[in-house]
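Encoded as structure tokens, the structure appears first; notes follow it.
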Amino acid sequence: MSTSPHAINWFEIPVTDFARAVAFYETVLGRPIETMALGPSTMGFLSMGPDSVGGAIVHEEGATPSRSGTLVYLNGGDDLAPTLARVEGAGGSVTVPKSDIGSGFGFFAHFIDTEGNRVGLHSMA
């Protein structure tokens with residue numbers, strides 16, 4: 001049995017143009033993306049750490065971006081509005097604006113990244 005309280009341990013967002021995707025996520029998230037070649041894959045780490053859910057953008061054979069597959073929600077910070085406001089300037093498009101989930105669960109939004117992936121953001125404000 002896992003000791004982690006998280007339902008997700010790791011996620012990967014497929015990309016076709018790695019440099020473009022790194023620039024997009026650095027702009028939207030407002031922080032540098034550490035990159036590394038691991039065998040046939042090139043990864044840009046979005047989050048890592050012993051107490052966090054880790055994830056990366058990944059360029060590799062067979063990794064195909066999708067608007068209709070699994071939806072990953074990234075942490076939008078204290079208020080996802082500033083993060084969401086950077087999406088279009090970085091080359092993406094907002095498909096669902098900041099929306100109240102209700103019942104005290106916070107807010108969410110969806111965007112399409114430069115690679116064609118549908119990605120979500122979540123914040124409590």
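These numbers come from a predicted model, not from an experiment.
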Verify the cluster assignment for Phe105 and Val53: are they in a single hydrophobic cluster under the rule of side-chain heavy atoms below 4.5 Å apart?
no

Between Val94 and Glu88 the two heavy atoms that sit nearest each other are N-OE2, 3.8 Å

Interatomic distance, Thr27 atom OG1 to Arg86 atom CZ [nearest 0.5 angstrom]
8.5 Å

Counting only heavy atoms from other residues, nucleotides and ligands, does the tally under 6.0 Å from CG of Asp17 exceed 12?
yes

Atom of Leu121, atom of Gly76 and distance for their closest heavy-atom approach:
CD2-CA, 4.4 Å

Could you see if Val96 belongs to whatever hydrophobic cluster contains Tyr73? Use Ile, Leu, Val, Met, Phe, Trp, Tyr and a side-chain cutoff under 4.5 Å.
yes

Taking side chain as C-beta onward, heavy atoms only, is Pro65 less than 4.5 Å from Asn117?
yes

Taking the side chain as every heavy atom from C-beta outward, state whether Tyr25 and Val119 have any atom pair closer than 4.5 Å.
yes

Give the cluster check for Phe108 versus Leu71: same hydrophobic cluster or not, with ILVMFWY residues linked at side-chain heavy-atom distances below 4.5 Å.
yes

Quick one: does Lys98's side chain get under 4.5 Å of Asp79's, heavy atoms only?
yes

Can you give me the closest heavy-atom contact between Gly77 and Ser123, atom names plus distance?
O-CB, 3.2 Å

May I ask you to decide if Glu115's main-chain N or O and Thr16's side chain share a donor-acceptor pair within less than 3.5 Å?
no

Smallest heavy-atom separation, Phe11 atom then Val72 atom, equals CD1-CG1, 3.8 Å

Of all the heavy-atom pairs spanning Ala109 and Leu80, show the shortest one and how long it is.
CB-CD1, 4.0 Å

Parallel, tilted or perpendicular: rings of Phe24 and Phe111 (30°, 60°):
tilted

Distance-minimising heavy-atom pair for Met43 and Leu38
SD-CD1, 3.4 Å

Taking a hydrophobic cluster as the set of Ile, Leu, Val, Met, Phe, Trp and Tyr residues connected by side-chain heavy atoms closer than 4.5 Å, whether directly or through intermediates, do Ile13 and Ile112 fall within one such cluster?
no

Does any N or O in the side chain of Glu26 come within less than 3.5 Å of the main-chain N or O of Ile33, such that one atom is a donor and the other an acceptor?
yes

Distance (rounded to the nearest 0.5 Å) between His59 NE2 and Arg20 CZ
10.0 Å

Co-membership, hydrophobic cluster, residues Val58 and Phe45, 4.5 Å side-chain
yes

Using a 3.5 Å distance criterion without hydrogens, assess whether the side chain of Ser99 forms a donor-acceptor pair with backbone atoms of Pro97.
yes

Any side-chain heavy-atom pair from Ile57 and Asp113 closer than 4.5 angstrom?
no

